[in-house]
Every structure is written in C-alpha cells, then in structure tokens.
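One structure is given here, and the rest of the page talks about it.
Throughout, a chain's letter reflects where its sequence line sits, starting with A, and its residues are numbered from 1. Just so we're clear, the structure is a prediction, and the values are computed from it rather than from any experiment.
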Amino acid sequence: MLNKITSAIGLNVSLGRSAHRKTAPFGFHGGLSLDTNKRALGDNTELCSIISINPPALLTIPLINYRKDSVAPKVQIHEKVKRGQALADNIVSPVSGVVEAIEHCEIIHPGGLRAPCVVIRNDRLDTPINTDTEYRNNKQEQQAVSHDNDNAEAQAKIAHFIAHSTTMLDQAALVGLGGAGFPTAQKLLSSNQDLQTLIINAAECEPEIACDEALMRSSSIQIAYGISALSQLTQCKRCVVAIEDTKTLAIESMRTALDTIDSTAELMIIPTRYPAGAESPLIQNVTGQFIPHNEKPINHGVICINVATTYALWQAINGQPMDSRVVSLGGAEMPNPCNVRVRFGTPVSYVLQQTGNAPADDTIRIRAGGPLSGFDLHSTNVPITAMTNCILAEAALCAPAAQPCIRCDDCADVCPAMLQPQQLYWYTQAAEHDKCEELQLDACIECGCCDLVCPASIKLTETFRFAKSNANYIKAQQQLADDAELRFLDRKNRLEQKEQARQLAIEQRKEKLRSQKKPDREKINAALNRIRSKRHTQKD
Amino acid sequence: MSEYALIILTTVLVNNFVLTQFLGLCPFMGVSRSLDAAIGMGMATTFVLTLASTLSFVIDHWLLDPFNLRYLRTISFILIIAIVVQFSEIVIRRRSPMLHRVLGLYLPLITTNCAVLGVALLSARQHHSLVEAVLFGFGAACGFTLVLVLFSLLRTRLSGADIPNAFKGNAIGLITAGIMSLAFMGFSGLS
Amino acid sequence: MSIGIIFSLLLVLAMLILMGSLLSYLTRPADNAQADSDTLMIDAVNAVLPQTQCAQCGYPGCRPYATAIIKEHELINRCPPGGERTVSQLSELLGTPTLPIDDSCGVEKPVQLAIIDEAACIGCTLCIHACPVDAIVGAAKLMHTVIAEQCTGCELCLPPCPVDCIDLVAPAPTAANWQWPQPT
Amino acid sequence: MANIIVDRRAAGAKALSTQRIMLSVVLALIPGIVAYCYFISPLVLVNALFAVLTALLLEAFAIRLRGKKCMPQIQDASIALAAILLALAVPPMIPLWQLLVGVAVMVLLGKHVYGGLGHNPFNPAMVGYAAMLISFPQSMTLWMDPLGLENLALVDLIQAKLTLNIVTSNPQIAWDGITQATPLEHIRSLKAQSQTIVLSDLIQRTMDSGWCWVNLGFLLGGLFLLFKRIIQWHIPVSVIAGYVLWAGLFSEPGLPLHLSVFSGSLILGAFFIATDPVTAASSKRGRLIFGFGIGSLSFVIREFGGYPEGIAFAVLLMNLCVPLIDHADRQLARRN
C-alpha cells in the first residue's frame with residue numbers, strides 16, 4: 001500500500017545518479033541508458049548486412065536442453081543424417097552427412113565444461129529431410145522477397161500451419177533465440193487459455209548485440225508473416241512488437257512490412273534503456289504488469305517471443321526447421337565487425353576465420369554474449385548454439401580492485417528487479433544464505449546494471465551469480481540428504497524386521513521341540529530296547 | 001497528566017537504565033545476539049518489572065512503612081521479584097518452548113538483574129505514588145527493551161563486518177554500547 | 001516493638017508462601033511439555049545435519065547424534081562432513097558459541113563419492129551391507145557398482161572391502177550443478 | 001585470463017568512484033570554509049590541516065596493523081573528509097592536543113575497530129566530536145567573537161592554541177572579549193537569567209555575526225552536491241524539514257525561523273554530515289525517516305538539552321536506529 005503512495009508522489013522513480021526519466025508508456029524501475037555502439041551494423045545505413053558463410057567440415061552439436069541437462073541422442077555413430085533430421089528431441093541436424101562420433105566436447109560455458117555432443121561430418125550436399133523444401137541461402141532470400149509478397153499464398157501456408165501446428169512445431173525444433181533457449185513449441189502450445197498479450201521482443205537493449213536489428217532490416221516481411229502466424233495460433237487479443245526508439249531503420253522496415261500484409265499487430269516504440277529487452281522489464285514496459293520472478297508470464301496472460309524466433313517460425317512454416325541463427329561479431333578489437341548467419345555446431349574459431357576476424361594475438365579475449373551478460377571463453381574451439389547471440393573481441397582488461405561498499409544505494413536505484421544489491425552483497429559476504437533467500441536473491445536477472453554504477457567497483461553480478469549457484473547447490477545437497485535419511489530409515493526398519501522375523505522363527509522352533517518331547521517317551525524307550533536286544537544277539 | 005509523560009520520557013531517554021545509569025548490562029550483552037531473543041527478553045523484563053515495581057510499592061507502602069521496617073526493603077523486593085520471575089518463566093516454558101530455549105539461562109537471570117531491583121529501590125526512595133511507581137517501572141522496562149532491540153539489530157549488522165579478530169564478539173559489543181551511551185549523553189540535562 | 005516485628009515477619013512469610021504455592025499450582029507445566037520441546041528441538045537439529053550417516057561423530061547415524069546434542073548436551077562440533085556451516089547453524093539454533101571441528105572425529109574435506117573399480121570387484125556383498133544408505137547395487141558373485149547420486153561419501157564401505165577396489169573421487173561437475181567462482 | 005563477467009568499459013559505464021565522491025564533497029565544502037575563515041577565524045585552516053594529516057597517519061597505522069596494504073584504502077579520502085568535517089564542527093580556538101584526541105577517537109574507535117570503510121555503523125566524525133564535547137566541555141564552547149579579530153595578532157592566537165591549558169595560558173588576552181557565545185548560547189544564557197529577549201538586538205547580533213554567511217556558504221556547497229547528484233535530496237530536505245517543523249511549534253514566539261536554521265551547524269549537518277552514505281539508512285523511505293529524526297532530535301537537544309549544538313548527538317542517535325529502519329523497510333518492501 002505504502003509502495004503505491006510513494007510511487008504516486010514519484011518517490012519510487014529514482015532521481016538518482018543514473019540520469020534517466022520515467023519512460024512511456026508504463027516504464028520499469030531502474031535500468032541504465034548506455035551508449036549502444038552497435039559495431040556489427042557497420043555505418044548504420046545499408047539494409048541487408050547479414051553475411052552468410054558455408055558450414056565447416058565438422059559440426060559438433062551439444063545434446064543439452066535450456067536447463068543444461070543432457071538429452072538422449074536419437075542417432076547412432078556412422079549413421080547418415082539429412083539436413084533437418086532430428087538428432088535428439090528439439091535438436092535437428094544443421095547439415096546432411098555422417099554422424100562421426102557422440103562424445104564429450106567442450107561447449108560455450110563460463111567454466112569451459114564438456115558436455116555430450118554429436119559430431120557430424122558434412123557431405124556439403126545439404127539434402128533436406130522433407131523433399132519439397134528448397135533451402136534458399138541469404139542471397140536468394142532477398143530476391144524472393146517479391147515472390148513472398150503475394151499475401152494469399154502466405155495466408156494459405158499459415159492456415160495449413162495452424163491446422164497441423166503440433167506436428168510442424170515438433171519437427172521445427174524451435175528454441176527461443178533471445179538468450180534463454182526455452183523451447184518455443186512448449187511455450188506456444190501451453191497457452192491454450194485466453195491469452196491477453198503476445199509481445200514480439202525486438203528490444204535488443206544490450207550494447208554491441210545487433211542480430212535482431214539486422215534481421216528486421218533485411219527480412220521484415222518474413223517476420224511480419226511469422227507474427228500473423230503466431231497471433232492466429234495463440235488467438236491473442238493484442239499483439240505488440242516492441243522496438244527500441246534508436247533502431248530507426250528497423251522500425252521503418254517493420255512498419256512497411258506490417259502495413260503491406262495489413263496485420264493487426266501494434267508497433268510500440270519503447271525508450272532505449274538497458275535491460276528493456278529482459279522479460280520482466282519488457283512486460284512492465286508494454287502492459288504495466290509486474291510478474292514476480294517465480295511465476296511464468298503465461299499464467300498472467302502474456303507471452304514474449306523473440307523476433308528472430310518469429311523469423312525461424314516462418315522458415316519452419318516453409319518447411320525449414322531451425323538450424324541456424326544470426327550472430328553479431330562486435331567488440332573494440334574485432335577487425336571487421338558484422339552480422340553473420342551461422343549454423344548451429346559451427347566452431348567460433350571457424351566463424352572468426354571465415355569473416356576475416358581471426359584474433360591477432362592471444363592477449364585479445366574472445367567473449368560469448370554481450371559486454372554485460374556474457375562471459376569470456378576459455379578456448380575458441382567451441383560450437384555456436386541457439387543461445388549464442390553475440391561474439392565479442394575485447395582487449396585484455398584488468399578490472400579495478402574492489403573497494404569496500406559505502407552503502408550509497410545507487411545499485412538499488414538501477415536494479416530492474418527492485419532488489420537491494422548492497423544488502424544482498426553484505427549477506428553473501430557473511431554467507432547467510434537464508435537472509436539472501438529472504439531478500440529474493442533468485443529474482444536477480446544478472447543484468448549487470450549494479451556493477452556499472454557501483455562507485456567502489458565491486459563485482460556485484462559475479463557475487464550474485466556465485467551466491468545463486470551456491471544456494472541452488474546447497475538446496476540440491478539438502479534434497480539428497482533428505483533422501484539419504486529416508487533410505488537410511490528404510491534400511492534400519494528392514495534390518496529390524498529381518499531380526500524380529502529371525503527371533504520369531506527361533507521361538508517357533510523352540511516351541512515345536514518342547515511340544516514334541518512328551519509323546520515320544522515310549523518310542524525312544526522302545527528303540528533303546530531294540531538296540532540293546534540286537535547287541536545281545538550279536539554277543540552270543 | 002504531563003508529569004506522568006515526563007516520568008516515562010525521563011526513564012526511557014534521559015536517564016535510560018542501561019546506557020546512562022549502566023544497570024542491567026549482563027542481559028544487555030548476553031541476549032542481544034539475535035533479534036527475536038532480544039524481543040523475547042524485552043517482553044519478559046517489561047512484564048516482570050512492571051509487576052514487581054507495583055507489588056514492591058504495595059508491600060513498601062502498606063507493610064514496611066506502617067511498621068517502620070524500612071530496613072527490610074531490599075530483602076522483600078528481592079523475594080517479590082523472584083516470585084514474579086519464577087511465574088513468568090513457567091508461563092513462557094508452557095507458552096512457547098522455543099523462546100524458552102532461546103532465552104535459556106537469561107530468563108531466571110532477570111531476578112539478579114540490577115535494573116529490576118534498582119527500579120524498585122529507586123522508586124521507593126523517591127517516594128513515588130502508586131501510579132508514578134508503575135509508570136517508573138514501565139518506563140525503565142521500555143527503555144531497556146528499546147535499547148536492547150536496537151543493540152541486537154546493530155550486532156546482527158556487525159556480524160557481517162570485517163572486525164579484527166581481537167575485537168570479535170563481546171569486545172565490539174562493548175565498544176558499540178559505549179558509543180551508544182555517548183549518543184544518549186545528548187539527552188542529559190533535558191529539563 | 002519486638003512483637004510487631006515478629007508478627008509482621010510471620011505475616012509476610014505466610015502471605016508469600018500462600019501466593020507462591022497458589023501460583024505454582026495454577027501454572028504447573030503439562031507432564032509431557034518437556035518431552036514435546038525435546039523432540040521439536042531434535043528434529044530441528046537433525047534437519048541441519050548433512051545426513052551422511054557416517055558415524056564419524058561416534059553415534060550410529062545423524063538422528064542419534066541430534067538426540068545426544070539435545071538430551072546429553074553433546075558438543076556440536078563432532079560432524080566433519082557438515083563442517084563449519086553445520087556448526088555455525090547449530091550454534092545459531094541452540095545459542096551456544098561456535099567451536100572449531102573436533103579433529104578426533106575427522107577433518108572437513110570437500111564432498112567425495114565412492115567409485116567401485118568394477119574389474120577388481122569379486123562380488124562379496126560386504127560393502128552392500130556396510131552402506132548405511134543402500135547406495136551400492138549388486139548381488140553375490142556379481143559385479144557391484146555405486147549409484148553416484150545416492151552416495152553420501154561416508155567412507156563406511158572402504159574398510160570391509162577385501163580386495164580394496166573402492167576409492168573416493170571428487171564428483172565431476174556437470175553443466176547443471178556447476179558453480180560460478182566467488183570473485184576475490 | 002580473468003573470467004571478467006561485467007565489462008564496465010565496453011558498456012560505457014559512467015560510474016563515479018568512491019574517491020571522486022569524497023573529493024567532490026571536499027570541493028563543496030570550500031565556499032563554507034572560505035566564509036568561515038573570513039568571518040570567524042582563519043585558525044580553522046590550521047585545525048583542518050592538522051586533523052587531515054593526523055587522520056591519514058592514524059589510518060595508515062591502523063591499516064598496517066591489520067596487515068593490509070594501506071595505499072588503496074587511504075586513496076579514497078573518506079577519512080580526510082571526516083577530518084575536515086570534525087575540524088569545522090569544533091571551535092577554532094580548540095587546543096591542538098584535544099583535536100588530536102578527537103581525531104584518534106574518530107579514526108580508531110569510529111572506523112577501524114569495525115573493519116574500515118563501509119563497516120562502521122556510527123558516523124566517525126560525530127563519534128570524535130561527541131567524545132571531545134564530553135571530555136573537554138569547557139574548551140568546546142569557546143567560540144571566537146566574529147568581529148573581535150583585529151585587536152589580536154595571529155601569532156598570539158596560535159601560541160595560545162599550542163599550550164596545554166587554554167584559559168590560564170595567556171592572561172593578557174581577555175578571553176571573554178574574544179570568545180563570543182554563539183547566538184544559540186546567547187539565547188540560552190538570556191533565558192537562564194530570565195531577561196527579556198530584545199529581538200531586534202538578537203537579529204542584529206546574528207546577522208552581522210559571521211554565522212549567517214558561513215551557513216550560506218555551506219548551503220551553496222550542499223546545492224552543488226545535489227546538482228552533481230553526489231548526494232540525493234532525501235536526507236538534507238528531511239533534516240531541515242524535521243528541524244523547522246518542531247522549531248515552528250515549540251521555539252520562542254517571534255523568533256524568526258531562518259535565524260535558528262542559519263545559526264549553528266544545522267546546514268553543515270544536513271548536507272555533509274548526515275548524508276555520509278555508509279552510516280545513513282539505505283533506502284529512499286529509510287533516508288526520509290533518518291533525516292526527519294536527525295532534524296527533530298537536534299532541535300530537541302538544542303532547545304531543551306544541556307548542550308548548545310545537538311547535531312552530533314542527533315546523528316549518532318539516528319545511526320543507532322539505522323539497522324531498525326533498514327530492517328523495517330525490508331519487511332515492508334517484501335510484503336508488497
């Protein structure tokens with residue numbers, strides 16, 4: 001209640017150090033306006049800036065889902081696969097060729113971990129799994145723009161897709177390309193109840209990342225069709241495409257595309273403020289709802305779909321499952337930054353060589369993800385997956401030494417999840433996990449804003465990532481401990497029952513013996529006499 | 001009416017029993033480790049103190065004065081406080097065993113708490129009327145609880161601080177209590 | 001004067017005795033009050049212990065150790081697998097000061113799991129009986145193996161193994177349970 | 001290579017560093033100090049210099065004792081700022097050895113016993129000031145007569161400062177002439193002798209006395225800090241509001257409000273002392289309550305209490321309540 005009053009008189013809108021203003025239409029708490037310097041877009045003028053490279057000889061496709069648990073492969077070694085054939089559930093082969101090995105290889109991971117992967121040798125034929133699709137590379141994509149224009153044929157395809165949506169989505173292996181990698185089919189099919197708002201997330205807010213913007217510029221028609229397919233599939237009452245206001249070219253091309261197919265989707269211009277692209281700030285911005293961190297937006301009638309996933313949906317409607325994505329190559333030390341369409345499983349080193357960006361010397365650190373939410377790679381021989389939206393090349397950087405926290409509360413001003421980072425930092429340093437949980441540490445979306453405004457240059461995001469993974473680890477250990485105790489008690493009861501059963505058996509045997517003794521007295525004597533008499537006869 | 005408010009104000013702030021008159025320091029240091037222990041202790045002491053100061057006034061006024069047995073004051077006050085504390089301990093053990101275990105030794109310790117005896121003796125010496133004695137006891141207990149709760153919250157915050165090993169634990173507690181009494185000196189002389 | 005004093009003393013004593021006995025009768029504790037609060041506390045202590053059932057504390061399992069802590073005021077620093085975290089939690093729960101781990105019970109080390117070298121295992125089922133949490137599967141004269149998730153690292157299966165084919169190894173971090181490093 | 005998670009430079013971070021915060025606060029103090037030197041006494045510079053030097057020395061000693069490298073910690077100039085605030089709060093004629101005691105209490109007891117910057121719950125400058133106020137009550141209330149400067153050579157003043165006992169050291173300096181009570185004390189002494197306060201004479205005394213200009217200097221510095229977003233408006237506004245609210249209700253009838261606000265060190269306290277982020281409450285709502293508490297307590301102590309200046313005790317008392325305020329604020333934030 002008090003929160004409403006204080007926000008009414010403008011107290012919650014911080015006039016703190018991060019100079020930002022209340023954003024239209026609803027806005028969200030915190031966030032930072034950063035200079036976006038999207039190097040991958042070049043000089044920001046020409047329309048089609050996506051380079052396409054042909055896939056390498058060997059592709060390694062990790063067999064892990066978005067929660068990083070490994071999934072069972074559906075192919076054996078030395079099996080021939082076609083492009084688009086399912087390697088595991090929701091994972092398809094990006095090329096046609098032979099499965100060379102299924103082994104542990106290094107994947108894109110902050111800890112440089114290894115995970116089970118399928119290694120495919122590319123036969124460079126690209127034979128598709130379903131025969132009627134002909135794969136068009138980017139160049140053909142552009143010429144085809146006019147062909148796709150005629151609305152009727154596209155609507156027919158969409159109607160066909162709506163009719164068989166479950167099977168087509170299953171084959172399409174669609175995965176969210178915004179960075180989380182949540183299976184899109186699961187998200188779409190589970191929204192059967194009335195869906196209020198479908199948000200197409202085109203707010204690429206992190207500096208350097210420009211893959212969505214490049215896609216919107218070059219193939220806005222396909223995206224428009226994807227959007228109408230989505231809104232028809234989910235029967236959403238309102239469909240909103242949210243784009244940041246600095247992406248002028250993308251806004252124009254999207255507006256013309258939506259007009260040409262006269263789609264019902266709204267184009268909403270939201271102010272450029274990091275992290276406007278994250279799910280919870282985006283929903284606050286568009287619909288004003290604040291969704292607590294542990295609840296799914298679907299239960300509140302909202303779905304967020306990334307614009308690149310929408311494009312991939314349209315490709316899937318045309319019979320091409322999702323097997324590639326646009327990756328931005330940026331960063332201060334990248335010789336020629338660009339956007340490149342890469343098939344999953346292509347090693348980062350190969351992409352850099354093909355685009356002429358091979359790192360000059362080893363002091364340059366190659367980084368997966370943006371400057372705020374990404375991490376440095378231990379080696380560049382790791383495959384690109386649906387979750388890699390950007391590769392940066394930056395000079396080696398020694399972070400300034402952290403000074404003690406002076407509780408200036410600037411980090412709480414900019415935290416989009418409305419948390420208290422300085423208090424969470426204090427409890428993490430004192431290793432008080434229950435207090436961290438009390439302050440909802442797991443609501444932290446690890447956006448990095450608090451790190452940027454901290455005057456004592458404390459590594460807050462790293463501390464919270466450590467604290468969250470540590471807390472989850474301890475919870476998992478606690479769960480294992482409880483199971484261990486149950487098994488221990490079962491074993492004890494089992495042993496006790498066995499012991500009682502044994503005692504019982506002994507008692508019964510004793511009982512039987514005692515009851516037999518009396519009647520056998522005569523038989524024993526008779527037997528004795530017989531023996532004695534026999535002995536007498538032998539003696540005479 | 002205003003001088004009743006004045007009594008409460010002076011006992012809580014001006015000459016606060018813990019920080020200005022330095023009475024009742026052992027539970028102050030001992031129980032301030034966690035907030036709910038401090039609140040529990042504060043409640044128990046308030047209950048004991050108010051009841052004890054009322055009973056001691058009654059005994060002093062109607063029993064010791066008429067037979068001018070004023071020299072028996074300390075003994076009878078101790079007896080009354082002991083009974084009230086025993087009573088409250090039984091109630092707490094029955095009502096919430098968790099709080100009883102958390103307070104542990106410090107609950108019976110209220111009997112020997114110099115603040116409790118101090119209140120009874122001071123109010124007797126200052127010839128308070130019944131209402132004044134009750135308010136005096138209640139004010140002293142409120143002052144004790146307020147400072148105890150503030151001190152326990154301060155100590156939970158200090159538990160995360162990078163305090164040199166020599167000062168960890170009660171040492172830093174005593175220094176903080178010293179600075180707290182420094183702050184309460186500001187109220188001295190409040191007319 | 002002296003009669004007055006004696007009389008008043010007797011009066012005070014009588015009154016106090018009367019009041020005391022009345023009050024203590026009125027508020028006599030229910031007979032199982034003490035028992036309830038103990039089981040309550042034993043469960044609380046048991047929830048904190050790591051449940052490795054390794055008996056390094058000298059008690060056959062975690063619950064007996066918890067009962068000893070509450071009933072016989074056993075020290076709270078006899079659980080090496082729990083380490084400092086368990087000791088600090090117990091000290092907070094019981095209000096007793098924290099103590100360093102008692103090294104006569106063992107030393108705190110990171111979690112380790114038992115691995116059976118299947119080639120050397122002769123199938124004697126001795127370790128199966130020794131395992132307090134049934135984490136080893138196998139039958140007589142057949143190969144045994146340890147279920148990785150269920151092993152608590154209590155090392156009770158090491159002594160009984162005649163061919164000594166069980167060794168302790170740190171669990172390899174999978175992508176799911178990997179932990180971010182703590183920044184310095 | 002270090003697995004750098006947040007690349008501050010690439011993201012164009014515009015964060016102020018702790019050092020820049022502290023230095024800009026010192027910068028903001030300069031107008032007040034200039035007015036102080038001109039109107040009251042240049043000795044405050046001697047005090048400030050002495051306090052800063054001894055504070056830095058003591059801090060280096062304390063950090064070395066803790067076995068840590070002392071350069072990075074000293075660079076953030078937080079102790080230098082606290083030393084200057086202490087020098088401004090004490091009267092200029094204070095003997096240097098007493099100032100040394102204050103600085104020692106401030107650095108060692110106020111800050112480093114709790115573990116250095118960020119860990120101390122009480123404002124170090126105020127701990128030092130309160131300790132001095134209580135241990136040297138007499139010399140802490142000896143203020144210079146703002147205009148009585150000409151008839152005394154500076155060297156005599158400094159010589160008087162260096163001696164151990166201030167009163168008997170130099171009989172020919174008529175102390176009463178030099179040490180003019182601050183307007184507040186003047187009101188109190190008049191009230192004590194129950195003389196009628198002639199308002200016009202009182203206002204005249206304050207206006208022509210330097211205090212008004214000194215406070216204006218500090219106000220200027222404070223607004224500069226607000227404009228540069230070094231501090232947020234919540235604490236200064238609520239401190240002044242707290243003071244003015246109670247002053248309006250309980251103070252002498254007819255005494256103009258701005259007179260009491262602009263005398264004494266309320267402005268210095270509101271903009272520089274109370275806004276020390278380490279010891280203030282951390283949330284917006286918390287800071288409003290914190291500031292309001294300081295304002296009202298300093299009025300209560302100044303009006304009814306035994307000491308002329310209540311800001312030090314008010315800040316310490318509210319620092320004491322900060323854990324309670326933060327705790328309550330977190331419970332409230334968690335509920336909605």
Does atom [atom1] ([X]) have a neighbourhood of more than 12 heavy atoms from anything else shown, all under 6.0 Å?
{"X": "B:M185", "atom1": "CE", "result": "no"}
{"X": "D:L245", "atom1": "CG", "result": "yes"}
{"X": "B:F151", "atom1": "CZ", "result": "yes"}

Out of [options], which one pairs with [X] under the side-chain contact (heavy atoms from CB on, under 4.5 Å) rule?
{"X": "B:I179", "options": "D:V127, D:N120, D:N319", "answer": "D:V127"}
{"X": "D:P323", "options": "B:L158, B:T156, B:L153", "answer": "B:L153"}
{"X": "D:L324", "options": "B:L150, B:L35, B:L154, B:L146", "answer": "B:L150"}

Side chains of D:F122 and B:T176: closer than 4.5 Å at any heavy-atom pair?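 A side-chain contact under 4.5 Å exists here.
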Contact check, side chains of D:V113 and B:I163, non-hydrogen atoms, under 4.5 Å: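 When only atoms from C-beta onward are counted, B:I163 and D:V113 do not touch, as no gap falls below 4.5 Å.
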Part of [X] within contact of chain B (heavy atom distance under 4.5 Å):
{"X": "D:V322", "answer": "side chain"}
{"X": "D:L297", "answer": "side chain"}
{"X": "D:D326", "answer": "neither"}

State plainly whether the residues B:D162 and D:R66 are in salt-bridge range, i.e. N to O under 4.0 Å.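 Salt bridge flag = yes for D:R66 with B:D162.
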What's the spacing between D:I134 CD1 and B:S188 OG if we round to 0.5 Å?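 Those atoms lie 7.0 Å apart.
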Do any of residues 289-296 of chain D come closer than 4.5 Å to chain B, heavy atom to heavy atom, and if so which ones, in number order?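 Counting heavy atoms that sit under 4.5 Å from chain B, no residue of residues 289-296 of chain D is involved.
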Walk me through whether D:L316 and B:F184 qualify under side-chain contact (heavy atoms from CB on, under 4.5 Å). CA-CA 9 Å; D:L316 283 179; B:F184 266 73; over 6 Å; no
Which atoms form the tightest heavy-atom contact between B:G186 and D:F313, and what is the distance?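 Smallest heavy-atom distance, with atoms named: CA-CG, 3.4 Å.
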Closest non-hydrogen atom pair between D:G115 and B:P164, with its separation: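 Heavy atoms only, the tightest pair is N-CD, 4.5 Å.
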List the residues meeting side-chain contact (heavy atoms from CB on, under 4.5 Å) with B:S181, not counting sequence neighbours, and say none if there are none.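 Partners of B:S181 by the side-chain contact (heavy atoms from CB on, under 4.5 Å) criterion, ordered by chain and then number, come out as B:L19, B:F22.
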